Student: 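Attaching a single structure in structure tokens format; questions to follow.
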Amino acid sequence: MTTTQTHKPSLVRRISRPLTIAAGAAGALLLWAVNDPRGGHDLIVDRGVIGPVAVLATALLAGLAAWALLAILERRTRRPARTFRIIAAIVLLLSLAGPLGAGGDLTTTLALIGLHLTVGLALIIGLPARRNCR
């Protein structure tokens, strides 16, 4: 007689990834708040002013895309966390071309790089930080 076990993730495992994505987005929003007009500087690029909705939406979309990538890697690769971190680091480095070519002043460029690094590093460190994800 063969028995099959269904793997039921614990509560902590089920909420850790959404919390990681939310933390990355919250960190980006906090960094934006420090640099917004009330903080002393508008984040203005060639396409207009970068507001809180754009920051939050972009961070959440990046988080969901990273989560989807990790889920695929967990099913298809032997070392999903390592593979994820390599791919995510490359994507983060490529994403820095956006702020560098956005056409803003130095303060805006540095703030946008900070936003990218905040979200990217939160996802790279936090998403695969599960016990059974090597």
Side-chain angles (χ1 to χ4, degrees):
M1 181 171 158
T2 306
T3 59
T4 57
Q5 285 185 328
T6 55
H7 181 58
K8 194 138 186 147
S10 69
L11 178 63
V12 172
R13 281 189 47 205
R14 283 185 293 182
I15 64 170
S16 66
R17 288 185 177 170
L19 282 177
T20 297
I21 293 169
L29 204 53
L30 180 63
L31 186 57
W32 174 85
V34 171
N35 288 289
D36 80 349
R38 290 170 299 282
H41 186 75
D42 255 337
L43 297 181
I44 300 174
V45 294
D46 290 342
R47 294 186 177 120
V49 177
I50 297 174
V53 173
V55 170
L56 193 59
T58 303
L60 291 174
L61 283 173
L64 292 173
W67 187 359
L69 171 65
L70 183 57
I72 291 167
L73 292 173
E74 286 174 337
R75 288 179 177 85
R76 304 204 183 260
T77 63
R78 199 172 70 104
R79 299 187 66 185
R82 181 175 182 241
T83 306
F84 170 79
R85 286 187 173 124
I86 291 169
I87 293 170
I90 292 168
V91 170
L92 176 58
L93 288 174
L94 291 173
S95 80
L96 293 177
L100 294 174
D105 61 358
L106 179 62
T107 306
T108 297
T109 301
L110 292 175
L112 293 176
I113 288 172
L115 292 172
H116 280 243
L117 291 174
T118 299
V119 174
L121 292 175
L123 298 175
I124 290 170
I125 294 166
L127 280 183
R130 285 193 358 211
R131 209 174 221 171
N132 67 347
C133 185
R134 297 173 206 177

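None of the values given here were measured: they were computed from a predicted structure. If you read the sequence from its start, that first residue is 1, and numbering goes on from there. FYI, side chains are in, hydrogens and waters are out, and symmetry mates aren't considered; it's all heavy atoms of this structure.
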Student: Roughly how far apart are Trp67 CH2 and Thr20 OG1, rounded to 0.5 Å?
Tutor: 9.5 Å
Student: Can you name the closest pair of heavy atoms from Ala122 and Gly24 and give their distance?
Tutor: CB-CA, 3.8 Å
Student: List the atom of Ala88, the atom of Ile124, and the distance in Å for their closest heavy-atom pair.
Tutor: CB-CG1, 3.5 Å
Student: Starting at NE2 of His116, measure out to CG of Leu100 and round the result to the nearest 0.5 Å.
Tutor: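 Going from NE2 on His116 over to CG on Leu100, the span is 9.0 Å.
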Student: Checking Trp32 side chain against Ile50 main chain: does a donor-acceptor pair fall under 3.5 Å?
Tutor: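 Such a contact is found between Trp32 side chain and Ile50 backbone.
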Student: Consider salt bridge (Lys or Arg N to Asp or Glu O under 4.0 Å). Of Arg17, Arg82, Arg79, which one does Glu74 pass it with?
Tutor: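 Filter result, single survivor: Arg17.
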Student: Does Pro80 offer a backbone N or O that forms a donor-acceptor pair with the side chain of Thr83 under 3.5 Å?
Tutor: no
Student: Using every non-hydrogen atom in the two residues, find where Gly63 and Leu127 come nearest and quote the distance to one decimal.
Tutor: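 The pair with the smallest heavy-atom distance is O-CD1, 4.2 Å.
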Student: Distance check, rounded to the nearest 0.5 Å: Thr109 atom OG1 versus Leu96 atom CG?
Tutor: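 These two atoms lie 11.5 Å from each other.
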Student: Of all the heavy-atom pairs spanning Pro99 and Ile113, show the shortest one and how long it is.
Tutor: CB-CG1, 3.9 Å
Student: Determine whether Leu112 and Leu60 fall in the same hydrophobic cluster, where Ile, Leu, Val, Met, Phe, Trp and Tyr are linked whenever their side-chain heavy atoms lie under 4.5 Å apart.
Tutor: yes
Student: Kindly work out whether a path of hydrophobic side-chain contacts (I/L/V/M/F/W/Y, heavy atoms less than 4.5 Å apart) joins Leu64 to Phe84.
Tutor: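 Same cluster: Leu64 reaches Phe84 through Ile, Leu, Val, Met, Phe, Trp or Tyr contacts under 4.5 Å.
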Student: Can you hop from Leu93 to Ile86 via hydrophobic side chains spaced under 4.5 Å?
Tutor: no
Student: Report whether Leu117 and Leu115 are members of the same hydrophobic cluster (ILVMFWY, side-chain heavy atoms less than 4.5 Å apart, transitive linking).
Tutor: no
Student: Using 0.5 Å steps for rounding, measure from the CG atom of Leu106 to the CG atom of Leu110.
Tutor: 4.5 Å
Student: Taking side chain as C-beta onward, heavy atoms only, is Val91 less than 4.5 Å from Leu69?
Tutor: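 No. Closest side-chain heavy atoms not under 4.5 Å.
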Student: Mind checking the CG-CG spacing from Leu56 to Leu61? Nearest 0.5 Å is all I need.
Tutor: 9.5 Å
Student: After noting the C-alpha distance and the side-chain angles of Val119 and Thr58, does the key distance pass the side chain to side chain contact (heavy atoms under 4.5 Å, CB included) rule?
Tutor: CA-CA 9 Å; Val119 174; Thr58 303; over 6 Å; no
Student: Would you give the length of the straight line joining atom CG of Leu123 to atom CG of Leu92, rounded to the nearest 0.5 angstrom?
Tutor: 9.5 Å
